[in-house]
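Just so you know, ligand 1 is whichever comes first in the structure, and atom 1 is the first atom listed for that ligand.
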Amino acid sequence: MSATLKPLPPGSTLGVLGGGQLGRMWAHEAQRMGYNTAVLDPDAHSPAGLVSHHHIHTDYLDAAGLKQLATTCQAVTTEFENVPADALAQLAASLPVSPAASAVAVAQDRAREKAHFVACGVPVAPHAVIDTAEQLAALLTDTAKADNLLPGILKTSRMGYDGKGQLRVTTRDELNAGWAKLGQVPCVLEKMLPLASECSVIIARGRDGAMVNLPVQRNLHRDGILAVTEVFAGNVPEALAIQAITAAKAVAQELNYVGVLCVEFFVLADGHLVVNEIAPRPHNSGHYSQDACDVSQFELQVRTMADLPLTQPRQHSPAIMLNLLGDLWFTHGDTQTEPAWAQVLALPGTHLHLYGKREARKARKMGHLNITAATPEAARAVALQAAAILGIAAF
Ligand code: ATP
Ligand code: MG
C-alpha cells in the first residue's frame with residue numbers, strides 16, 4: 001500500500017449524491033464495513049435514503065443541502081450519472097470527492113467521452129458530432145460522410161440512459177427529422193455496427209493510482225436496457241478479455257480517475273472490440289459481483305473513497321444476473337401482482353436483490369436476481385428456470 005493513503009476509520013460518515021439502487025447497495029456495503037452513510041436525493045422515498053443514517057432531501061444543486069452533506073461526511077461519491085458535475089465541484093472545495101467532477105463531466109457528454117477514447121487510442125464507432133444546425137447541414141451536404149454513418153443511431157450527447165434519447169435513422173432525411181425530434185440538442189450520430197455481443201469491465205482505481213478489475217462481463221440488452229449478464233471463464237475469448245481490461249485501465253488512468261468505473265464495449269461480428277461508453281460509478285452489469293466475487297463492485301467503491309487498499313477481486317462462482325424490471329409485476333394484465341419469489345428462491349444458488357421501490361412501472365429497474373453455481377451449465381439451467389417462472393424471455 002502506498003504511504004499516501006490515509007484510510008478513514010470506521011465510524012466515519014461516507015456520503016453519496018443520488019439515492020437510487022446503486023446508492024442503496026453501496027450503503028449496505030459501507031455499513032457492513034463500519035461506516036455511517038449519508039444520501040442527498042430530493043425523493044423522500046429514495047432506495048438509498050431509506051437505508052441510510054442521514055437523508056438530505058434537497059435538489060442536487062441546493063447550496064444548503066450540499067453544505068449539510070459536506071459537514072456530515074468525511075468523503076463523498078456519486079451513484080447517479082447525471083448528477084450535476086457542479087455539485088461535485090462545490091463539494092470538492094471542502095472534502096474528498098471521488099470520482100472528480102472533471103471525470104464525471106466527460107462521462108456525461110458522449111462527444112467528450114468519444115474524444116477521450118480516441119485520445120487513449122481505444123477504438124470507437126465511426127461517428128459525427130452534431131451540436132448545431134450548421135453542423136447538421138454540413139454533414140447532410142457531405143453525402144459521402146453522412147452515408148458512411150447510415151444507418152446509424154442519433155444519440156443526445158447528454159442525459160441519455162437505458163436507450164432513452166436515441167433514434168435509429170436510415171436516411172439523410174430521417175437524420176434531419178430525427179435531430180428536430182430530439183429537440184435540436186447536441187447529439188452524436190453513430191454508425192450502426194453489426195454486434196456479435198456486448199461486454200463490460202469494471203475497474204476500481206485508488207487515490208494512489210492502484211487499479212484492480214472485475215472479470216469481463218457479457219451483457220444482453222433488450223429494448224436498450226440491460227436484461228442479462230453472464231460471467232464465467234471462457235464466456236468471452238481470452239484475447240478479447242485482455243484487450244477490454246487493458247482498454248478500460250487506459251481510460252481510467254488517462255482520466256486520473258478515482259473510484260469505480262464501468263467501461264462498456266461492443267464485440268463486432270468480425271471480432272473487433274469497440275468501446276461504447278463509460279459510467280462513472282458501479283454498474284448494473286457488475287451486480288453479479290455481490291454474490292459471485294470475494295469483493296463486490298460496491299465494496300470497491302467504499303474502499304476507493306475511504307482510501308482503503310485495493311486487492312484484485314476473485315470470482316469464486318460462475319454467475320448469471322437477471323434484471324427484474326417492473327414489467328414482471330404485470331404478467332397477469334394491468335393489475336400489479338408480486339412475482340413468485342418463493343418459487344424462484346426454491347432453486348439452488350439464487351440471490352434476490354430488491355430495491356425497495358414502492359411502485360412497479362414497466363421498464364423500471366426494481367431489482368435483480370443473481371444466480372451462482374459450481375459450473376456455467378448449472379448456473380444457466382437455474383437461470384432459465386427462474387426466467388420462466390418470472391416471465392423473462394429465454395436467452
Ligand atoms: P445505458 O443505460 O447503458 O447508459 P444508453 O442509453 O447510454 O444506455 P447506449 O449504451 O449508447 O445507450 O446504447 C444502448 C444499446 O443500444 C447498446 O447497449 C446496444 O445494444 C445498442 N447500440 C447502441 N449503439 C449502437 C451502435 N452504434 N451499433 C449497434 N448497436 C448499438
Ligand atoms: Mg449503455
- Message: Checking side chain to side chain donor-acceptor pair (under 3.5 Å) between E190 and each of H127, Q166, K155, R110, which is the one that passes?
- Response: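 Between E190 and the candidates, side chain to side chain donor-acceptor pair (under 3.5 Å) is satisfied uniquely by K155.
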- Query: In terms of heavy-atom contacts, does NE2 of H272 have more than 12 from other residues, nucleotides or ligands at under 6.0 Å?
  - Reply: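 Not more than 12 within 6.0 Å, no.
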- Query: Closest heavy-atom contact between H283 and H287?
  - Reply: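 Where H283 meets H287 most closely, the heavy atoms are O-ND1, 3.4 Å.
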- Message: So Q343 and W341, do their side chains get closer than 4.5 Å, heavy atoms only?
- Response: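 No. Closest side-chain heavy atoms not under 4.5 Å.
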- Is there side-chain contact between Q253 and C120, with heavy atoms separated by less than 4.5 Å?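 Q253 vs C120: side chains apart.
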Under a 4.0 Å heavy-atom limit, does [X] contact ligand 1 with its side chain, its backbone, both, or neither?
{"X": "Q166", "value": "side chain"}
{"X": "R222", "value": "neither"}
{"X": "L195", "value": "side chain"}
{"X": "L226", "value": "neither"}

Within the 4.0 Å heavy-atom shell around [X], which atoms of ligand 1 are there?
{"X": "E190", "result": "24 (N), 26 (C), 27 (N)"}
{"X": "I153", "result": "22 (N), 23 (C), 24 (N), 25 (C), 26 (C), 31 (C)"}
{"X": "N276", "result": "9 (P), 10 (O), 11 (O)"}
{"X": "E264", "result": "3 (O)"}

- Query: Any luck finding a side-chain donor-acceptor pair between D291 and T372 under 3.5 Å?
  - Reply: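 Distance-only check fails for D291 and T372.
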- Item | Side-chain donor-acceptor pair present, Q31, T37, cut-off under 3.5 Å |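 Checked: Q31/T37 side chains pair up, N/O donor to acceptor below 3.5 Å.
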Shortest heavy-atom approach to [atom] - which of [options]:
{"atom": "atom 17 (C) of ligand 1", "options": "E198, K155, H221", "answer": "E198"}
{"atom": "atom 28 (N) of ligand 1", "options": "L268, L193, N219", "answer": "L193"}
{"atom": "atom 5 (P) of ligand 1", "options": "R168, H283, H127, R110", "answer": "R110"}

- Message: Under 4.0 Å between a side-chain nitrogen and a carboxylate oxygen: does that hold for K357 and E359?
- Response: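 Looking at K357 and E359, the cut-off is not met.
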